[in-house]
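Data first, discussion second: the structure below is written as structure tokens.
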Protein chains: 6
Amino acid sequence: MRPSGRKTDQMRKVSFERNFSKHAEGSCLVKFGDTHVLCTASLEDKTPPWLRNTGKGWVTAEYGMLPRATGERMKREAAAGKQGGRTQEIQRLIGRSLRAVIDLQALGERQITLDCDVIQADGGTRTASITGGWIALYDCLKWMESRNMIKVDRVLKDHVAAISCGVFASQPVIDLDYLEDSSAETDANFVMTGAGGIVEIQGTAEGAPFSEEEFTSLMRLAKNGIGELVALQKQAIAG
Amino acid sequence: MRPSGRKTDQMRKVSFERNFSKHAEGSCLVKFGDTHVLCTASLEDKTPPWLRNTGKGWVTAEYGMLPRATGERMKREAAAGKQGGRTQEIQRLIGRSLRAVIDLQALGERQITLDCDVIQADGGTRTASITGGWIALYDCLKWMESRNMIKVDRVLKDHVAAISCGVFASQPVIDLDYLEDSSAETDANFVMTGAGGIVEIQGTAEGAPFSEEEFTSLMRLAKNGIGELVALQKQAIAG
Amino acid sequence: MRPSGRKTDQMRKVSFERNFSKHAEGSCLVKFGDTHVLCTASLEDKTPPWLRNTGKGWVTAEYGMLPRATGERMKREAAAGKQGGRTQEIQRLIGRSLRAVIDLQALGERQITLDCDVIQADGGTRTASITGGWIALYDCLKWMESRNMIKVDRVLKDHVAAISCGVFASQPVIDLDYLEDSSAETDANFVMTGAGGIVEIQGTAEGAPFSEEEFTSLMRLAKNGIGELVALQKQAIAG
Amino acid sequence: MRPSGRKTDQMRKVSFERNFSKHAEGSCLVKFGDTHVLCTASLEDKTPPWLRNTGKGWVTAEYGMLPRATGERMKREAAAGKQGGRTQEIQRLIGRSLRAVIDLQALGERQITLDCDVIQADGGTRTASITGGWIALYDCLKWMESRNMIKVDRVLKDHVAAISCGVFASQPVIDLDYLEDSSAETDANFVMTGAGGIVEIQGTAEGAPFSEEEFTSLMRLAKNGIGELVALQKQAIAG
Amino acid sequence: MRPSGRKTDQMRKVSFERNFSKHAEGSCLVKFGDTHVLCTASLEDKTPPWLRNTGKGWVTAEYGMLPRATGERMKREAAAGKQGGRTQEIQRLIGRSLRAVIDLQALGERQITLDCDVIQADGGTRTASITGGWIALYDCLKWMESRNMIKVDRVLKDHVAAISCGVFASQPVIDLDYLEDSSAETDANFVMTGAGGIVEIQGTAEGAPFSEEEFTSLMRLAKNGIGELVALQKQAIAG
Amino acid sequence: MRPSGRKTDQMRKVSFERNFSKHAEGSCLVKFGDTHVLCTASLEDKTPPWLRNTGKGWVTAEYGMLPRATGERMKREAAAGKQGGRTQEIQRLIGRSLRAVIDLQALGERQITLDCDVIQADGGTRTASITGGWIALYDCLKWMESRNMIKVDRVLKDHVAAISCGVFASQPVIDLDYLEDSSAETDANFVMTGAGGIVEIQGTAEGAPFSEEEFTSLMRLAKNGIGELVALQKQAIAG
């Protein structure tokens, strides 16, 4: 029995609030239950040094948590003077995941930065960031298309979304909230495209090692969940 | 004529959304027009080293801006590895302003940290932070009172609120938005209590120096505006 | 009664020692009683990036305290690895104050950096820095004029000087020393031009909030004091 | 055809040189072909703050690369003033992997730090670090056992080893060297125990997304390879 | 011929201004010609962690340069966020040199920090710092003696002073100023006690290597010069 | 009697393993007994900013210690966020020493960086770094010569090597190991060329000051030792 009463294959309520920010070229407040992440996409007319004069652009991500997004206040990273290892790991993952569905050549020599800032955390902040980040990225590309800078269809190859699955109380479950996450035996994050291709898999045994069978059942849950998330993304951008 | 069409003594629409955060002991999303700041109050059961064994507590503040809260994306301070001078100036001001209405002895040996994070900026982020911070602080003290830790009436001595005034297009106006702020000749921030006492005044000539008369007219505008803000705070906590 | 025996409207003995430094284009050791600040003006043949190709120059300031300028040794900021919030606040204030009397266009694409280093502190280091910094800046501009780089009269529009006033033992007094400053009820810094225009006002209630009347009496003291400081600056550069 | 001429399921020559370091409680120079990593295990008689008085110990890891371990010299992280995101990701992975086979309670309130320093890099530094780190950890525990501090059998629950697999030139291959790694379509790292349990899986599509079938074939390769690595570890500690 | 017209064995005019600082337990403004260094000695009632409960005290030094102490303005180390290698080298040297004449046991569990801040530089700042630092240290110890904390004679074993010598225009000369220092072929710093014992020697070939004979002639110059410096120290503390 | 049983003028066994690294243009694992340092020379096709367009090149060095190179694990400098004072002192010394035998004009506008990383420490790491660094530098220059970039004979003017000497148990001894180094009364490092010229001398009294006679006897030991080291360098590059 899950603490939230959800079924093992039941995700939390997911919502996307587009154009949350007045200034950004694209933005989305994504909610996976009580996990709320503000994703903004910022266009800059320059690329990183290593891409200059290649005709290619870049998509990158930064991740942060407001100090009291969590149950206990965490030290503000800006005050601490550096981003922690977890922050860097997550923002690298978000960037890789979104680049997987972008044609950098078709984007041209520009950079889009996705800022994913966790307003409130309840587990799954990285998967919400990727899933909501895709919406912000889409809206940024639409903004560019309306100014004849690119064609969205040529730059954006597919949807991408992410979900966590884990073994909680000996059962494979999807979309772990904080309570589940902190006592799960195994925890895996899956990033997949709309076409069902795998972009990234990260599975970790928190306690005892897990078996290939367990892992396969987590992947099955993830596939279904990501299918639902992609359907929700489609609704959101249709709206 | 103000860009927004407001009258010279007309503030933007101000709103307070209490309990915005699930985790914090007190929280408030404050909006001054398009300026949106999330204020959370976090209680910790310890004081800074210099207050140990004095029986006194402490109230402090930290301030941050999401990178794309502004028209152009700003570098993330956590990635830059330090908080800029402007950030430090503002968070010191917020802390001083809130401490002005707190009896630190009555608070006891505890620390409350106000995090003021700007979700969207359109001028006046520091005044919104102070005004909304007071609500978050109030709710945190109520939370403590409900656990018999303190009496709110003994700890919280008064309201405190803040507003900016400035000379724009040769006219004294209240509550400058970004467009006004970036071309104002003079810019002043006022922090006052519910009883009308002055807590902090900061006036700066952006272009030509200003006269005592101009300053006096700004202070008059501020007094009225802060009166209105305190009335709105009272409504908010009554709600 | 003031600890120093001074009258309420009596400043400490103020002196300027020009050309204190062999190397700087302009320099001044300014003393406000036991507060001693070395101000040097350094000319560089470049502007900050945001002014390139605008024809405009820049005047900026940095502030520091020797570790044992104070009663107890403070940690050296270079060893601590960063400048504290107070340092940044003060150096931003000094820079703004001096720029208020400079025509940046007439200065041309150059930068003058004022370094204000406190050799000994006894209250009022920021006001001494601004007042003495003006002398160093003047001498730097004279140095430039003698090399036909600029006309001082076109670049330097007026004098600028600063003084602190506060309510000490229930009485408004001028030019607080450390003893007064650390127990003042209210503390305000005023920056004004030779023509009497206000450049910056910063007033803070250290204890109870203050009234508009109190503030007005502080401003009156400041006006007179700054008048005297400007007269002393005139004598110093006449010498 | 692989650049090295290896078969798709053929790992590079793996060797372990135990007691490479005179000072460390356990140490091992591990080679996966031209990838050479020095692993040292250092015992300290204290735990991290969050474990004090719990009776539990801790195993952690740090990872570094000599600046010229790679084809082009990389900036020294100590000179740059911080550890990069990749470094932090890898050292967190090494720590988690080794803790997966340690009974922290049986270790007692002590910390063992594994330093994995890459002397020469040719792909697979993180998998070599985990595999060789296990040897260093084993020798450190033996050192402790010889001083009656612990029983190795109670603290060390199993072997742990790691290998990378990827799709190179459309074929699943094991143990990618640098040439393969930099042009692989898919890249996955597997960490498993001697008993075949999965500790960590990290799979990333470098180009196009990959399918579940591809992933399954990589996992099969990994299982066999890790079986071989565990056999080599057994030989090494038998020696 | 030396640029300054000095003879090869002639030092610059050396002066010590004791009690330069109102706050420090000991202080001295030392001048070696145009090189001016403010040395303050600050007593703290604690030792570094590694000396706790040993009964021993510690003497340490920090060194800094005001940004415009030199011909061209240097970046402020506090703003740069770290002390450079040269700064650290010099402050370590000053600390070692002064500790060489202190009985740390007789000092007791206290720390004295010598801050040597270069107000104006013209070569030889480290030798002036050591020589003037000894005066500040002496006065700090006298201050302690007058409070019955120590006996100066038991703590301070001897004088210590320092001088640079170098080969300039093929001739061994003493006390190099900036002009000489920047074109000297060889540059050596000597630290010696009043009794003539050598505390530290640092010799560097700036251009071609030097011979033992050259080095011996530099040491002879240094011995005489340090003899003079010690005589001047004796006069200064007699005053 | 020395702890190692060596005679007073007997160095430890010294060996050079050339081409230790697959990637670097030149590399050498140098051993002075149990002190093992990996030196790599990396060629970059650029100079530091201050040498641009001068036709001159640069040779610089960086120094590091693996955390467990020593008896007790030291904090990793990359994790600490900065290089300590000792590290900076040593790497500056290595750079100066190697530049003393290089014709920077003949090198051309290129930079060679020597990385000296201590794999295992037992005293004398800086002298081993210089002595082995020369080999790595030589091999880098040979690599360049084979590509017709330079002539080794025109760039490399001489050998350079270094040794420590000290007074241990009242006797002058050469090449101190850790045991001797930590209890030596006097400790001096000598850097000399193949022709016997002195490049650098650093002598420090660890306890009581030393006399000129003692220093002279240390220098005599050093001369002989460096003669032997240069002979070993010649053998190594002949091999």
Side-chain angles (χ1 to χ4, degrees), chain C residues 19-29 31 33-46 60-84 87-88 91 111-122 136 140 177-178, chain E residues 19-29 31 33-46 60-84 87-88 91 111-122 136 140 177-178:
Chain C
N19 301 317
F20 188 83
S21 158
K22 169 190 179 173
H23 299 298
E25 284 74 34
S27 65
C28 174
L29 178 69
K31 299 186 179 176
D34 280 337
T35 290
H36 303 175
V37 183
L38 174 52
C39 307
T40 58
S42 297
L43 175 67
E44 285 169 295
D45 208 26
K46 53 156 204 190
T60 187
E62 294 196 5
Y63 170 93
M65 265 205 184
L66 297 195
R68 195 57 196 278
T70 45
E72 293 198 23
R73 184 177 185 274
M74 294 178 318
K75 200 168 163 41
R76 186 177 289 267
E77 287 189 323
K82 64 174 178 177
Q83 296 180 301
T87 293
Q88 295 198 48
Q91 66 193 12
Q111 176 167 302
I112 299 175
T113 303
L114 267 293
D115 285 290
C116 299
D117 283 277
V118 181
I119 304 296
Q120 189 174 278
D122 187 33
C140 177
D177 57 28
Y178 178 75
Chain E
N19 301 318
F20 188 83
S21 157
K22 170 188 179 175
H23 299 299
E25 284 74 32
S27 66
C28 174
L29 178 70
K31 299 185 179 176
D34 280 337
T35 290
H36 303 174
V37 183
L38 174 52
C39 307
T40 58
S42 296
L43 175 67
E44 286 169 295
D45 209 24
K46 54 156 203 192
T60 187
E62 294 195 7
Y63 171 92
M65 264 204 185
L66 297 195
R68 195 57 195 279
T70 46
E72 292 197 26
R73 183 177 187 273
M74 296 178 317
K75 202 166 162 43
R76 188 178 287 269
E77 288 189 322
K82 63 173 177 179
Q83 296 180 301
T87 293
Q88 295 197 49
Q91 67 192 11
Q111 175 166 301
I112 299 175
T113 302
L114 267 293
D115 285 290
C116 299
D117 284 277
V118 180
I119 305 296
Q120 189 173 279
D122 187 34
C140 177
D177 56 31
Y178 178 73

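Chain A is the first sequence line, chain B the second, and so forth, proteins listed ahead of strands; every chain is numbered from 1.
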Residues which pass side-chain hydrogen bond (donor to acceptor under 3.5 Å, both in side chains) with E/Glu77, listed by chain and number, not counting sequence neighbours: E/Thr87
What option among E/Pro67, E/Ala69, E/Ala24 has the most heavy-atom pairs under 4.5 Å with chain C? E/Ala24
Residues passing the salt bridge (charged side-chain N to carboxylate O under 4.0 Å, His left out) test with E/Asp117, sequence neighbours excluded, are C/Arg76
Would you mind checking which part of C/Thr40 comes under 4.5 Å of any heavy atom in chain E, side chain (CB onward), backbone (N, CA, C, O), both or neither? side chain
Heavy-atom pairs under 4.5 Å with chain C: which of E/His36, E/Arg73, E/Gln88 has the most? E/Arg73
Could you tell me which portion of C/Gln120 (side chain, backbone, both or neither) has an atom closer than 4.5 angstrom to a non-hydrogen atom of chain E? side chain
Need one label for C/Ala41: side chain, backbone, both or neither, based on atoms under 4.5 Å from any heavy atom in chain E. backbone
Does a side-chain heavy-atom distance below 4.5 Å link E/Leu66 with C/Asp115? no
Is E/Asp34 paired with C/Lys22 through a side-chain N to carboxylate O contact shorter than 4.0 Å? yes
Heavy-atom cut-off 4.5 Å, strictly under: side chain, backbone, both or neither for C/Ser27 against chain E? neither
Less than 4.5 Å to any heavy atom of chain E: does that hold for the side chain of C/Tyr63, its backbone, both, or neither? backbone
Output the distance between atom CD (E/Glu72) and atom CD (C/Glu44), rounded to the nearest 0.5 Å. 8.5 Å
Tell me, do E/Arg68 and C/Glu25 make a side-chain contact under 4.5 Å, heavy atoms counted? yes
Write down the atom of E/Ala78, the atom of C/Gln83, and the distance for their closest heavy-atom approach. O-CG, 3.6 Å
